[in-house]
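Input: a single structure, listed below in structure tokens.
Basis for what follows: all heavy atoms, side chains included, without hydrogens, waters or symmetry-related copies.
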Amino acid sequence: MTEQKKEKKWHEKRKHLVGVVVSDKMDKTVVVKVDRRVPHPLYGKHIVKSKKYHAHDEHNECRVGDIVMIRETRPLSKTKRWVVVKILQRARRPEEEIAKQQEEQK
């Protein structure tokens with residue numbers, strides 16, 4: 001009954017976070033806002049704390065409002081230490097909504 005404790009490799013220890021893209025104005029970089037719920041230290045009520053991370057977006061695929069998963073990586077610049085792994089949900093665009101409405105009317 002000996003259980004072997006399997007060591008994780010370095011690439012399996014990286015942190016993953018899920019957040020919303022709040023800015024995509026930079027080239028190959030997006031700003032992702034990650035919210036987390038924590039209890040208040042004295043009163044115990046859950047409050048939402050948020051933090052913004054600069055993440056590398058190699059193909060400039062992310063848009064404002066997208067929900068993305070980011071992964072910790074080596075420092076890529078002064079502020080970039082995260083990489084966009086995948087886009088979990090696309091943001092709804094007004095142009096797309098108008099096009100859908102026009103198609104339904106035809």
Side-chain angles (χ1 to χ4, degrees):
M1 292 239 242
T2 59
E3 291 184 24
Q4 294 179 355
K5 189 173 183 182
K6 188 176 180 181
E7 282 291 322
K8 289 186 176 182
K9 296 184 179 174
W10 64 270
H11 58 84
E12 295 171 345
K13 294 179 186 179
R14 295 179 181 169
K15 297 176 189 170
H16 286 77
L17 298 174
V18 176
V20 179
V21 176
V22 293
S23 174
D24 63 348
K25 295 183 179 182
M26 295 173 274
D27 186 34
K28 296 188 179 184
T29 303
V30 292
V31 179
V32 180
K33 180 180 161 190
V34 177
D35 292 331
R36 58 189 182 96
R37 295 181 69 224
V38 294
H40 188 277
L42 179 61
Y43 302 112
K45 179 181 178 180
H46 286 277
I47 54 176
V48 178
K49 291 194 173 194
S50 58
K51 187 172 179 179
K52 293 180 183 177
Y53 297 95
H54 288 217
H56 184 67
D57 180 20
E58 180 63 34
H59 303 293
N60 285 325
E61 296 173 341
C62 297
R63 301 182 297 198
V64 174
D66 289 351
I67 298 174
V68 296
M69 178 182 286
I70 57 175
R71 181 189 69 219
E72 191 176 33
T73 187
R74 65 182 176 86
L76 300 172
S77 71
K78 181 180 176 183
T79 57
K80 272 201 294 191
R81 275 96 172 106
W82 298 82
V83 173
V84 174
V85 177
K86 62 181 171 181
I87 300 171
L88 301 175
Q89 182 179 347
R90 285 279 185 190
R92 298 178 114 188
R93 299 284 183 208
E95 306 88 36
E96 296 170 359
E97 296 296 322
I98 293 169
K100 285 181 185 179
Q101 290 175 358
Q102 289 176 351
E103 289 177 10
E104 290 174 359
Q105 292 175 356
K106 291 181 181 180

Taking C-beta and beyond as the side chain, do [X] and [Y] meet within less than 4.5 Å on heavy atoms?
X: Cys62; Y: Ile87; answer: yes
X: Arg63; Y: Arg93; answer: yes
X: Arg81; Y: Glu72; answer: no
X: Thr29; Y: Lys80; answer: yes
X: His56; Y: Leu76; answer: yes
X: His46; Y: Val38; answer: no
X: Tyr53; Y: Val34; answer: yes
X: Val68; Y: Leu88; answer: no

Reference residue Ile70; test side chain to side chain contact (heavy atoms under 4.5 Å, CB included); the match among Val84, Val21, Val18: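 Filter result, single survivor: Val84.
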Derivation of the side chain to side chain donor-acceptor pair (under 3.5 Å) call for His54 and Thr79: CA-CA 6 Å; His54 288 217; Thr79 57; 3.3 Å; yes
Electrostatic pair Arg90-Asp66, nearest N-O below 4.0 angstrom: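 Yes.
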Inter-residue atom distance His40.NE2 - Lys45.NZ, 0.5 Å rounding: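 His40 atom NE2 to Lys45 atom NZ measures 10.0 Å (nearest 0.5 Å).
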Side-chain donor or acceptor of Asn60 paired with backbone N/O of Lys28 under 3.5 Å: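 Yes: the side chain of Asn60 pairs with the backbone of Lys28.
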More than 12 heavy atoms of other groups within 6.0 Å of Glu58 CD: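 Yes, CD of Glu58 has more than 12 neighbouring heavy atoms, counting only those of other groups under 6.0 Å.
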